[in-house]
J.: 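After the structure tokens below, expect a handful of questions from me.
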Amino acid sequence: MENLTQQLFLRHISIGVTLFYILTENERRCERLLAQAATRFKGMGSPVIWSCTDGLSRDGKIIPDTVDPLQALDFAVSEPGPLLLILKDIDKFWRNNPILVRKIKDLSLASKNKGKVTVIVGEEEWTPHCLREEIVLLKQGLPDIEEIRTFLGQIRESDPALAKACETDPDLLERLAVAGRGLDLVDLERAIRILRLTDMAGSDAILSLMENKRRILQQTGIMELILDNTGCNQLGGMENLKHWLKRRESAFGLNGISSGLGLPKGVLVMGVAGCGKSLFVKAIAAEWHLPLIRLDMSTVYSGLFGSPEASLSKAIKTAEAVAPCVLWIDEIESGITTHGFKSEGGASSRVLGSFLTWMQEKREPVFVAATANAIEMLPAEVLRKGRFDEIFYVGLPETAAREEIFRIHLTNRDADLSSYDIKLLAGSTKGFSGAEIEQVVHSAAFEARADHRPMTQQDLMTMVSRTVPLSITMAEQIKKIEAWAFKRAVPASG
């Protein structure tokens with residue numbers, strides 16, 4: 001199904017198409033585009049619009065006795081043309097209604113060579129089979145970056161507040177356009193209103209767009225926008241991962257990567273739970289100034305939002321609309337496994353096929369950052385070169401990394417580092433993960449606060465002695481992960 005553009009719509013009309021079905025979730029934007037297209041035809045004028053509540057209307061004036069869809073279609077047939085007829089709610093009536101379907105087909109045939117065009121606007125992909133030789137299906141997706149720039153330029157010409165803000169901050173319009181990717185134009189209008197209420201140079205408007213984006217993604221139920229500024233300064237160790245990020249940034253430049261130019265395909269980060277895989281994904285988005293979208297594969301299979309294939313397709317389309325962005329697939333093995341791949345014809349097999357095809361063929365700048373705890377469950381097709389740029393293994397932190405992790409968490413709590421023996425703490429926590437070290441600091445700070453005193457070295461050592469790390473409780477499983485990663489993945493630290 002092709003994406004609706006004014007040029008495509010006009011081209012179809014020029015070759016004699018008289019009946020369209022446009023799949024859209026924004027009627028107003030669709031009407032605006034169609035009305036602009038109507039001005040390109042001599043004598044067509046404003047479109048005639050039908051809804052199930054008002055019937056036919058033109059320029060706000062209601063045409064009487066046209067609420068019944070059959071009467072409305074009779075009126076359209078009797079009109080001499082040229083005419084653009086927009087039918088809003090017909091898709092709610094034409095199932096199991098052969099008379100209505102026949103009327104639509106008759107209207108389409110009667111409109112040929114008369115300059116009359118009928119556009120049905122709906123939200124369901126289904127159309128009556130007998131209309132498919134007459135009807136052209138188009139889809140109106142979210143606005144691309146060029147449409148957003150054009151829209152913002154038009155607002156700037158008529159809105160003094162935006163014009164003044166752009167004089168103060170010449171890059172504001174472009175930052176609004178980038179922040180607005182993945183949103184509809186109505187959300188951009190709301191962000192511009194923020195500029196009228198504040199003297200700040202657009203920062204509140206950008207924040208408003210990001211909050212709107214998070215709200216809309218949460219409403220899908222499948223994805224979540226993560227607003228987290230965690231950078232590489234919050235990562236202890238992981239020198240190879242940090243080096244990998246910096247090399248790509250030095251090759252393409254931060255502005256180039258942030259705009260989607262030269263954005264790599266993605267990385268797969270596997271390893272021991274609690275060692276910073278998720279933190280690294282957040283750091284990618286923060287370092288490259290890209291929005292971070294989290295996709296939970298277990299939600300894709302929940303069935304709450306349609307079939308797994310439809311849910312994945314919706315998630316991919318949303319990510320491409322927001323691009324350039326980082327798509328974080330958390331615990332990818334929970335949705336794409338060798339078991340699902342081998343069950344011929346199963347949902348997991350179809351999801352795997354769709355995902356692999358998209359990873360190989362995707363054109364939009366979507367950086368896929370996948371995390372996995374049990375990478376041996378993933379099929380070889382996911383791991384081969386060409387899907388991901390690199391596979392990293394995040395293991396338990398070494399002594400130097402543990403020192404750095406303690407410094408990070410103590411600094412975050414405004415502790416005086418000179419009051420603590422960091423080397424002793426790091427030496428006492430051999431086999432601890434980063435998350436376990438964070439919990440040690442958190443628990444020690446809690447105990448000190450409960451006693452209304454500053455945290456001490458002894459508080460930390462007490463919490464270390466009370467902690468049984470994952471490396472002991474799940475030693476066999478961790479050895480299995482390390483054995484798999486040996487020579488198969490690049491170590492994150494080194």
Side-chain angles (χ1 to χ4, degrees), residues 224 226-249 266-288 290 292-296 326-334 367-375 388-413 422 425-426 429-443 463-464 467 469-474 477-479 481-482 484-486 488-494:
E224 177 187 6
I226 306 295
L227 299 178
D228 195 318
N229 293 321
T230 299
C232 285
N233 61 332
Q234 295 297 305
L235 286 173
M238 300 193 192
E239 296 83 5
N240 285 341
L241 283 173
K242 293 175 184 176
H243 178 70
W244 187 87
L245 279 180
K246 290 297 179 186
R247 289 290 290 174
R248 270 124 194 95
E249 186 178 319
V267 291
L268 177 58
V269 186
M270 58 86 64
V272 182
C275 287
K277 299 187 296 294
S278 300
L279 204 62
F280 172 64
V281 173
K282 293 177 181 179
I284 293 173
E287 293 292 323
W288 287 350
L290 294 171
L292 176 61
I293 302 172
R294 180 177 175 271
L295 170 65
D296 189 346
V326 176
L327 177 61
W328 174 17
I329 304 180
D330 197 17
E331 296 185 5
I332 188 173
E333 75 274 19
S334 66
F367 181 86
V368 179
T371 60
N373 292 322
I375 200 169
F388 294 98
D389 292 294
E390 198 60 84
I391 299 174
F392 287 103
Y393 168 68
V394 181
L396 294 167
E398 299 291 338
T399 304
R402 294 198 299 274
E403 288 182 22
E404 192 176 351
I405 293 168
F406 267 112
R407 289 193 187 95
I408 289 169
H409 291 301
L410 289 170
T411 301
N412 289 344
R413 294 182 177 277
I422 305 294
L425 289 169
T429 51
K430 183 178 180 181
F432 279 52
S433 67
E436 288 163 342
I437 293 173
E438 181 183 12
Q439 188 58 41
V440 163
V441 177
H442 174 76
S443 300
M463 291 305 158
V464 169
T467 304
L470 205 64
S471 59
I472 293 176
T473 57
M474 302 188 73
Q477 186 175 340
I478 290 175
K479 285 180 181 178
I481 294 172
E482 290 175 341
W484 190 97
F486 185 66
R488 287 188 174 99
V490 178
S493 299

J.: Check whether any side-chain heavy atom of Val272 lies under 4.5 Å from a side-chain heavy atom of Ser433, and answer yes or no.
T.: no
J.: To check you understand the geometry: which heavy-atom pair defines the closest contact between Gly236 and Ile408, and what is its length?
T.: N-CD1, 3.8 Å
J.: With heavy-atom distances below 4.5 Å as the criterion, would you say the side chains of Leu245 and Phe280 are in contact?
T.: yes
J.: Using modelled atom types and a 3.5 Å cut-off, is there a donor and acceptor pairing between side-chain atoms of Glu404 and backbone atoms of Gly237?
T.: yes
J.: As an exercise, state the distance from CZ of Phe367 to CG of Leu290, rounded to the nearest 0.5 Å.
T.: 9.0 Å
J.: Do Leu235 and Leu241 have side chains that get closer than 4.5 Å, going by heavy atoms?
T.: no
J.: Work out which heavy atom in Ala369 is nearest to a heavy atom in Val326; give both atom names and the distance.
T.: CB-CG1, 4.1 Å
J.: Please find the pair of heavy atoms, one from Ala492 and one from Val394, that lie closest to each other, and give the distance.
T.: CB-CG2, 3.8 Å
J.: Check Ala372 against Ile332 and note the closest heavy-atom contact, atom names and distance.
T.: CB-CG2, 4.0 Å
J.: So, Glu436 side chain and Leu470 main chain: donor-acceptor pair closer than 3.5 Å or not?
T.: yes
J.: With a 3.5 Å distance limit and no angle check, can you tell me whether Arg402 reaches the backbone of Pro397 through a side-chain donor-acceptor pair?
T.: yes
J.: Could you grab the distance from atom CG of Leu410 to atom CG of Leu425, nearest 0.5 Å is fine?
T.: 7.5 Å
J.: With Lys246, which residues qualify under side chain to side chain contact (heavy atoms under 4.5 Å, CB included), at least two apart?
T.: Glu249, Glu287
J.: Does Val441 reach the side chain of Asn412, with side-chain heavy atoms less than 4.5 Å apart?
T.: no
J.: Do Arg413 and His442 have side-chain heavy atoms sitting under 4.5 Å apart?
T.: yes
J.: I need the Ile437 CD1 to Phe406 CZ distance, nearest 0.5 Å.
T.: 5.0 Å
J.: Begin with the C-alpha distance, continue with both residues' side-chain angles, and end with the deciding distance and a verdict on side chain to side chain contact (heavy atoms under 4.5 Å, CB included) for Arg294 and Val281.
T.: CA-CA 10 Å; Arg294 180 177 175 271; Val281 173; over 6 Å; no
J.: If you draw a 6.0 Å radius around CD in Gln477, do more than 12 non-hydrogen atoms from other residues or ligands fall strictly inside?
T.: no
J.: Run Trp328 and Ile284 through side chain to side chain contact (heavy atoms under 4.5 Å, CB included) and show every step you take.
T.: CA-CA 10 Å; Trp328 174 17; Ile284 293 173; over 6 Å; no
J.: Side-chain contact test, heavy atoms from C-beta onward, threshold under 4.5 Å: evaluate it for Trp244 versus Val490 and give yes or no.
T.: no
J.: Rounded to the nearest 0.5 Å, what separation is found between the CG atom of Asp330 and the OG1 atom of Thr371?
T.: 4.0 Å
J.: Is a side-chain donor or acceptor of Ser443 paired with a backbone partner of Val440 at a separation under 3.5 angstrom?
T.: no
J.: Tell me the closest heavy-atom pair linking Thr399 and Ala426, and the distance in Å.
T.: O-CB, 3.8 Å
J.: Are Lys277 and Asn373 packed together at the side-chain level, in the sense that at least one heavy-atom pair is separated by less than 4.5 angstrom?
T.: yes
J.: Nearest 0.5 angstrom please: Leu268 CG to Phe392 CZ, how far?
T.: 10.5 Å
J.: How far does OG of Ser471 sit from CD of Glu482, to the nearest 0.5 angstrom?
T.: 9.5 Å
